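For reference, the structure is listed below as structure tokens.
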There are 2 protein chains.
Amino acid sequence: MPRGDLLGSLEYIVLLALVRLGPDAYGMTVRREIETRVGRNLSIGAVYATLDRLEAKGYVSSIVGEPTATRGGRAKRHFRIEVAGQRALKASEDAIRSMSAGLKRRWENA
Amino acid sequence: MPRGDLLGSLEYIVLLALVRLGPDAYGMTVRREIETRVGRNLSIGAVYATLDRLEAKGYVSSIVGEPTATRGGRAKRHFRIEVAGQRALKASEDAIRSMSAGLKRRWENA
DNA sequence: GAATTGTTCTACTCGGCAGAACAAATCGCG
DNA sequence: CGCGATTTGTTCTGCCGAGTAGAACAATTC
């Protein structure tokens, strides 16, 4: 087990997507959200793998909903960020913030 | 080769440490900087592994300097962030920013 | 049965981690 | 004043978890 335990980069992005999507968060929408926002096209397998890992850590939870009455509208597995996940998210944010604090100066002229 | 190619989480932190340390950046100082700033104790192996990977990608470069006349002051391997590395850093920053833009609201009450 | 929306499975590579081993310099004691 | 002890620094070994792509599978409506 790692010591500091920060989030992986995809884990981080996925958690943010969950916050952003709220109740509409499930595999496909998470993927779409990231692709359109970040401009990064990732495989659906990567998304679910990450989601599963986050769930195993207790950072997110999932429940399967009811099928919808639209063509192909099968039951979705909805994901929600848990308290532990929010803590992890903040921890990673803080780590980044503390490393980049007061760097603008050195940063611009290069 | 991955499509979007964002940085790993440690890669990100290490690059920031390089910017922060400037000419004083080498294995031991990078480690110390991260440990004190982020409060995460990581092994020296992890640091060098990351640094080597970043160098292989052309994101950083390294040169070995002269030994110093202090006890145990053997030659250091200095690391410097390259232009490609700065681009990668900005790209990751942007990815995070675009995902977290306008999230404060939803964020606080949970 | 065809098309559509969504999830799971398979197989692989790369990133992250710890700690020991190794290397090169100075210090200190006889 | 020489050679082992100490200090600073890097490389090596081995492992496990994260990330990736794409095919397979499932369930629903047209």
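Every chain is numbered from 1, with letters handed out A, B, ... down the list of sequences. Predicted, not measured: the structure shown is a model, and the values here were computed from it.
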field: Lys/Arg N to Asp/Glu carboxylate O, A:Arg77 vs A:Asp52, below 4.0 Å
entry: yes
Separation of D:dT8 C1' from B:Tyr26 OH (nearest whole Å): 8 Å
- prompt: What integer distance in Å separates B:Lys76:NZ from C:dA25:C1'?
  reply: 10 Å
query: Nearest of D:dT28, D:dG19, D:dT11 to any side-chain atom of B:Arg77?
result: D:dT11
- prompt: Taking the side chain of B:Arg74 as its heavy atoms from C-beta onward, which of C:dA24, C:dG16, C:dG6 lies nearest to it?
  reply: C:dA24
message: When you measure from the side-chain N and O atoms of A:Ser9 to the phosphate of D:dG19, is any distance below 4.0 Å, counting only OP1 and OP2?
response: yes
- prompt: The side chain of A:Ile44 lies closest to which of these nucleotides: D:dA18, C:dT8, C:dG16?
  reply: C:dT8
query: Within this structure, what is the CG-to-P distance between A:Leu51 and C:dT8, rounded to whole angstrom?
result: 10 Å
message: Less than 4.5 Å apart, side chain to side chain, heavy atoms only: is that true for A:Val60 and A:Val14?
response: no
query: So, is A:Arg32 close to the C:dT5 phosphate, meaning a side-chain N or O under 4.0 Å from OP1 or OP2?
result: no
task: Look at the side chain of A:Glu11 and decide which nucleotide, out of C:dA2, D:dG19, C:dA25, has an atom nearest to it.
output: D:dG19
task: Check every strand shown and say whether A:Gly27 touches a base, only sugar-phosphate, or nothing at a heavy-atom separation below 4.0 Å.
output: sugar-phosphate
task: Tell me which nucleotide among D:dG9, C:dA18, D:dC30 gets nearest to the side chain of B:Ser43.
output: C:dA18
- request: Could you tell me the separation between the CD1 atom of A:Ile13 and the P atom of D:dA18, rounded to a whole number of Å?
  value: 16 Å
query: Where the side chain of A:Lys57 is defined as all heavy atoms beyond and including C-beta, which of D:dA18, C:dG19, C:dG6 is the nearest nucleotide?
result: D:dA18
message: Are the side chains of B:Ile13 and B:Thr50 in contact, using a 4.5 Å heavy-atom criterion?
response: no
- prompt: Over how many whole Å does the gap from B:Tyr12 atom OH to C:dC14 atom C1' extend?
  reply: 21 Å
- prompt: From the list C:dT8, D:dA21, C:dG6, which nucleotide is the closest neighbour of the side chain of A:Leu42?
  reply: D:dA21
Among C:dC27, C:dC17, D:dT20, the nucleotide that comes nearest once only the side chain of B:Leu10 is considered: C:dC17
task: Describe the nucleic acid contact of B:Arg53 in one word from base, sugar-phosphate, nothing, applying a heavy-atom distance below 4.0 Å.
output: base
field: Student check: side-chain heavy atoms of B:Leu7 and A:Ser9 closer than 4.5 Å
entry: no
field: N/O donor-acceptor pair under 3.5 Å between A:Ser92 side chain and A:Leu89 backbone
entry: no
- request: Starting at atom CG of B:Leu7, determine the distance to atom C1' of C:dG15, rounded to an integer number of angstrom.
  value: 12 Å
message: Just N and O in the side chain of A:Arg31: are any of them under 4.0 Å from OP1 or OP2 of C:dG6?
response: no
query: Within the distance-only criterion (no hydrogens, no angle test), does the side chain of B:Arg31 pair as donor or acceptor with the backbone N or O of B:Ala46 below 3.5 angstrom?
result: no
task: Please state how far atom NE2 in A:His78 lies from atom P in C:dG6, giving the value in whole angstrom units.
output: 10 Å
field: Nearest-Å distance for atom pair CZ/P, residues A:Arg71 and D:dA26
entry: 20 Å
- request: Would you mind classifying the nucleic acid contact of A:Gly8 as base, sugar-phosphate or nothing, using non-hydrogen atoms under 4.0 angstrom?
  value: sugar-phosphate
- prompt: In terms of the nearest nucleotide of DNA chain D, which residue is placed more toward the 5' end: A:Thr70 or B:Phe79?
  reply: B:Phe79
